[in-house]
Amino acid sequence: MSFKDFQLHPRINAGIDACAYTEPTPIQKEAIPPILAGRDIIGLAQTGTGKTAAFVLPLLQRLLNGPRKKIRALIVAPTRELAEQIHDNIEKMAQKTALKSVVLYGGVGKQPQISRIRSGVEIVVACPGRLLDLFNEKVINLSAVEVLILDEADHMFDKGFLPDIRRIIRQLPRDRQSLVFSATMPKEIRHLAEEVLQNPVTVQINHTLPAPTISHALFQVAKEQKTSLLKNIIKEREMTSTLVFTRTKHRAKSLALHLQKAGYSAASLQGNLSQQKRQQALDGFRDGTFKILVATDIAARGIDVLGISHVINYDVPDTAETYTHRTGRTGRATRSGQALSFASQEDSRMISLIEHNLGKKMLREVPPASACERKEDICEEKSTTFSHQVPQRRRAVPSHQSPQKRSVADSGTRKRSGSIARTLSSVKRRDPA
Ligand code: AMP
């Protein structure tokens with residue numbers, strides 16, 4: 001199958017050419033035809049599979065006809081980085097269509113966003129908080145929305161956004177096309193999808209399995225030797241572009257500083273940074289100014305940087321799903337990548353869960369003796385700091401085990417369709433975490 005088979009408008013095909021996509025990815029092959037046919041979709045796919053183009057291309061095809069300078073499509077995303085990425089993708093793919101999009105998120109001034117909305121846009125890409133702010137301030141009118149897209153719905157749930165999402169949905173016309181994308185399907189997302197979607201088509205792309213282009217290796221190492229090991233393998237393996245994950249913001253910051261002081265080209269990406277600093281770190285990593293980006297899960301979720309050669313789990317993640325998300329930052333589209341994890345004794349249970357999810361054992365690598373000689377305990381925070389630095393929701397609760405208090409009270413307004421419930425309940429979770 002080629003992109004030509006979708007019979008998209010030549011102006012949209014020009015956008016595909018501008019992105020240098022030659023062949024649709026599996027999710028594009030499966031999702032684009034039903035979306036073009038106007039169907040609702042539940043897409044079980046993680047970032048890295050090409051899902052953005054899977055919804056953007058048919059969206060542009062629909063918007064080419066019909067009124068301009070009215071908000072006709074709303075895309076909601078859980079993080080600023082993901083919202084920016086979707087917006088960038090739209091700008092690239094829509095460059096010959098004269099369709100306009102705006103991206104809305106908090107932590108930056110409202111005025112430029114308001115000016116852009118007032119100049120007339122057809123597509124809004126937004127994080128829930130800022131969108132509701134602008135809606136409540138009557139800056140934004142959602143009464144003409146024809147298409148709603150919820151991206152990374154499971155992550156919205158992790159971040160406690162579902163009540164906001166339901167508030168947003170209540171402002172939209174009932175007669176619309178809705179698409180929900182999620183890497184996993186915890187019951188809260190299943191309920192949300194039942195409320196939002198009508199007779200949806202389910203599209204599922206290996207949703208909790210890491211990409212086959214990634215190799216997985218494990219170093220069993222004492223905590224205090226991780227930093228020395230990291231520096232050693234960065235040097236030895238001539239890593240071109242390496243994303244390092246730590247569990248906390250404090251650790252990300254102090255590890256990046258330590259690497260900088262030791263002469264490495266490194267930056268951190270973590271929630272304590274201003275939006276401007278985050279963007280600088282991300283842009284610098286993307287353009288090669290920084291070879292190493294040390295990040296937390298929340299900050300790095302959904303980031304799309306092509307050509308990441310290595311993902312290093314300096315700290316083993318809390319769930320097998322998070323492992324999939326982290327390692328999915330390398331090996332994107334069809335490229336290959338390596339995932340290396342540093343595990344100490346206490347991580348053995350999580351390593352078993354990850355390996356169960358991978359369906360294979362990770363390759364055991366022996367840390368070089370020189371890496372084990374030095375104890376560089378620079379990144380251990382004091383326990384008092386630790387407790388308030390931890391991103392609370394993600395640490396405490398695996399994404400699919402919601403505490404009572406997070407279950408959402410404001411249930412949706414639409415009738416549940418029996419067929420939707422059946423379609424969704426047939427989607428089995430694979431993640432053992
Ligand atoms: P996404 O899952 O949307 O974040 O996409 C992951 C990466 O794959 C992005 O860098 C896209 O630009 C890229 N991509 C999307 N579709 C294709 C395609 N058909 N061929 C090659 N790369 C693609």
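Atoms within each ligand, like the ligands themselves, are counted from 1 in listed order.
- Contact check on R364 versus E355 returns a salt bridge, with a Lys/Arg side-chain nitrogen under 4.0 Å from an Asp/Glu carboxylate oxygen.
- An N or O contact shorter than 3.5 Å links G50 to ligand 1 by distance.
- Polar contact check, Y21 against ligand 1: a nitrogen or oxygen pair lies under 3.5 Å apart.
- Inspection of the H216 and K361 side chains reveals no N or O donor paired with an N or O acceptor under 3.5 Å.
- Under 3.5 Å, the side chains of T227 and Y314 contain a donor-acceptor pair of N or O atoms.
- Interface of T52 with ligand 1, defined as ligand atoms under 4.0 Å from a residue heavy atom, comprises 1 (P), 3 (O), 4 (O).
- Those atoms of ligand 1 that come under 4.0 Å of a heavy atom in F3, given as number and element, are 19 (N).
- Heavy-atom proximity to E23, at under 4.0 Å, picks out these atoms of ligand 1: 18 (C), 19 (N), 20 (N).
- The distance from ligand 1 to the heavy atoms of T25 drops below 4.0 Å at these ligand atoms: 16 (N), 17 (C), 18 (C), 19 (N).
- Residue N89 has no N or O atom closer than 3.5 Å to an N or O atom of ligand 1.
- For Y105 and E84, the side-chain atoms include at least one donor-acceptor pair closer than 3.5 Å.
- A salt bridge links E81 with R278: at least one charged nitrogen is closer than 4.0 Å to a carboxylate oxygen.
- Side-chain polar atoms of T240 and S309 form a donor-acceptor pair below 3.5 angstrom.
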